[in-house]
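To start, the structure itself, in structure tokens.
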Amino acid sequence: MKVLVINCGSSSLKYQLIDSESEEVLAKGLVERIGIPGSVLTHRPEGKDKVVIETPMEDHNIAVKLVIDALVDKDHGVIADLSEIGAVGHRVVHGGEKFNKAVLINDAVKKDIEELSALAPLHNPANLIGINACEKNMPGVPQAAIFDTAFHQTMPKKAYMYGIPYEYYEKYKVRRYGFHGTSHDYVSARAAEILGKDRKDLKIVVCHLGNGASISAVKNGECVDTSMGLTPLEGLIMGTRSGDLDPAILDYIGEKENLSAKEVNTVLNKKSGILGLSGGVSSDFRDIDAAIAEGNEKAKTALDTYCYRVAKYIASYAVALGGIDVIAFTAGVGENNYVVRKQVSDYLAFLGVKTDDEKLKIRGEEIVASTPDSKITIMIVPTNEELAIARQTLALL
Ligand code: AMP
């Protein structure tokens with residue numbers, strides 16, 4: 001069967017068509033600027049040249065229709081007929097406390113996703129638009145929702161409660177949820193598989209270091225703690241997000257810069273992190289590395305602050321897990337950036353971490369990068385959220 005994986009944003013739509021038997025990606029692509037001038041679909045069929053289609057797309061219905069047309073097109077298509085798509089798996093960002101696993105979508109599920117928009121106003125409404133557009137264009141094809149938060153629902157209460165009045169949890173569900181769950185689940189499972197061990201017997205720390213970044217502590221196959229919170233702003237320093245800070249900063253900066261709480265929130269989400277700390281160099285680590293090579297001090301501060309915080313989080317998860325067996329690096333930075341992996345690992349030498357630096361330098365491959373006598377196994381495990389979504393979708397059918 002072929003599973004279409006959809007990741008819908010408010011003006012974008014990413015997709016992959018995956019053959020569930022061979023787990024091969026048959027085609028993938030991206031639609032950008034939906035509902036705004038300059039809409040464009042970039043379609044990448046496996047084994048054929050990419051196609052760029054620039055045409056107005058008023059809404060997501062038209063975008064989904066164009067994706068389907070591209071998939072069945074006689075020249076750049078990869079399937080003969082739409083009926084070959086057996087299911088659609090949607091990435092949905094917030095499942096709240098309601099969803100601790102993936103589910104098949106029906107009207108009740110859609111209503112829940114809509115209600116959870118209060119907790120993820122930028123994401124859940126867009127995810128729902130994608131679901132409705134697929135329903136309309138592929139009537140009768142089963143659709144599944146795979147939630148970013150679901151894997152973290154096993155966290156104990158002491159890990160997800162904030163130290164604020166309890167009534168805010170009761171009234172507004174203010175608590176820590178965690179995100180990137182599909183990746184943390186996939187990478188921890190894959191790490192155990194590579195080591196030839198049962199995930200249930202391991203204490204694993206997964207470092208998902210991408211443009212957004214989060215860490216999770218996985219014990220006996222379940223998440224016991226993670227660094228993101230009510231929203232994806234908490235935790236590590238990220239590409240443009242601040243991560244943890246003193247909440248009093250909001251009020252202080254707001255007063256000094258004459259900004260509303262909402263405006264400061266935007267600064268913390270869009271202008272902070274590596275971008276902000278480096279004095280505006282970039283949110284991309286490739287640019288940071290290049291700036292450091294040219295002697296840029298702020299870029300160096302950004303990198304050092306980033307790595308220090310990652311290492312502190314990992315060490316704190318030794319408490320959450322009662323020890324650490326495996327640390328797995330994943331996502332854009334985790335898979336590609338040797339300097340980050342090395343700095344973080346060196347901080348953890350006191351826990352008995354010893355790296356094999358030739359292996360630690362390898363990029364984007366599944367690899368064990370610690371020495372045989374290291375007390376903790378250091379790994380690079382490329383994530384594959386789309387494949388994980390396709391697998392979970394198939395499992396529901
Ligand atoms: P992600 O959100 O997982 O796509 O990660 C994006 C980030 O990964 C970028 O901002 C880069 O900092 C980093 N990255 C991606 N590819 C590379 C690469 N080839 N070398 C170094 N860093 C990379």
Side-chain angles (χ1 to χ4, degrees), residues 5 7-9 12-16 25 28-30 32 42 44 91 93 122-123 148 178-188 190-191 206-216 226-228 231-243 269-294 296 298-307 309-310 328-345 357 359-367 369 379-389:
V5 175
N7 182 353
C8 215
S12 70
L13 188 159
K14 279 192 232 160
Y15 63 94
Q16 279 195 10
V25 177
K28 59 182 166 185
L30 169 68
E32 294 164 284
T42 308
R44 296 173 193 275
R91 176 188 179 214
V93 166
L122 298 178
H123 294 102
D148 253 31
F179 298 88
H180 296 139
T182 309
S183 178
H184 288 286
D185 185 15
Y186 173 87
V187 171
S188 56
R190 187 72 200 125
V206 178
C207 306
H208 177 110
L209 311 178
N211 194 28
S214 66
I215 303 206
S216 68
T226 192
S227 58
M228 282 178 168
T231 76
L233 185 56
E234 190 179 341
L236 301 177
I237 291 167
M238 310 181 209
T240 63
R241 289 177 223 152
S242 64
N269 270 294
K270 303 243 161 95
K271 296 184 180 170
S272 299
I274 291 294
L275 173 69
L277 257 174
S278 65
V281 170
S282 176
S283 62
D284 192 307
F285 274 78
R286 287 164 285 199
D287 302 328
I288 296 297
D289 289 343
I292 293 172
E294 284 167 12
N296 186 313
K298 287 179 185 163
K300 177 89 173 73
T301 302
L303 178 80
D304 290 348
T305 314
Y306 179 92
C307 293
R309 186 169 303 178
V310 173
F329 290 101
T330 195
V333 180
E335 290 167 28
N336 291 295
N337 195 304
Y338 165 71
V339 179
V340 169
R341 291 193 295 256
K342 177 67 180 157
Q343 270 205 35
V344 170
S345 301
D357 289 350
K359 290 192 175 142
L360 198 65
K361 278 180 189 155
I362 293 173
R363 285 169 37 177
E365 275 178 42
E366 290 181 339
I367 197 129
M379 300 178 77
I380 303 166
V381 181
T383 192
N384 194 337
E385 287 165 285
E386 291 78 14
L387 177 60
I389 289 173

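Note that ligands are numbered from 1 as they come in the structure, with each ligand's atoms numbered from 1 the same way. Just so it is clear, the values below take in all heavy atoms, side chains as well, and ignore hydrogens, waters and symmetry mates.
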>> If we only consider heavy atoms of Asn337, is any one of them less than 4.0 Å away from an atom in ligand 1?
In response: no
Tell me, please: is Arg363 in heavy-atom contact with ligand 1, that is, under 4.0 Å?
yes
Where [X] and [Y] come nearest, the two heavy atoms and their spacing:
X	Y	result
Ala213	His180	N-CE1, 3.8 Å
Ile288	Ser278	CD1-CB, 3.6 Å
Ile380	Leu360	CD1-O, 4.1 Å
Ile237	Tyr306	O-CE1, 3.0 Å

Can you name the atoms of ligand 1, numbered from 1 with element, that are less than 4.0 Å from a heavy atom of [X]?
X	answer
Gly210	1 (P), 2 (O), 3 (O), 5 (O)
Asn211	1 (P), 2 (O), 5 (O), 6 (C)
Phe285	11 (C), 12 (O)

**Message:** When you compare ligand 1 with Ala331, is there at least one nitrogen or oxygen pair between them that comes in under 3.5 angstrom?
**Reply:** no
Exercise. Can you tell which of Gly332, Ser282, Gly212 gets a heavy atom nearest to atom 3 (O) of ligand 1?
Worked result: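 Looking at heavy atoms only, Gly332 sits closest to atom 3 (O) of ligand 1.
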* For atom 16 (N) of ligand 1, which candidate among Leu275, Val340, Asn336, Asp284 holds the nearest heavy atom? ->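 The option holding the nearest heavy atom is Asn336.
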Check: Among protein heavy atoms, which lies nearest atom 22 (N) of ligand 1, and at what distance?
Finding: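 Result: Arg286 CG, 3.7 Å.
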Exercise for review: Evaluate the side-chain proximity of Lys298 to Val281: yes if any heavy-atom separation is below 4.5 Å, no if none is.
Suggested key: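 Result no, sub-4.5 Å side-chain heavy-atom pair not found.
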Margin query: Within the 4.5 Å heavy-atom criterion, are Phe179 and Thr226 side-chain neighbours or not?
Written below: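 A side-chain contact under 4.5 Å is absent here.
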Query raised in the report: Hey, is Arg91 close enough to Glu385 for a salt bridge, meaning N to O under 4.0 Å?
Result: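 Not counted as a salt bridge, because no side-chain N and carboxylate O are separated by less than 4.0 Å.
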- Message: If you scan the protein for heavy atoms around atom 20 (N) of ligand 1, do you find one that is closer than 4.0 Å?
- Response: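 Yes; the ligand atom in question has protein heavy-atom contact below 4.0 Å.
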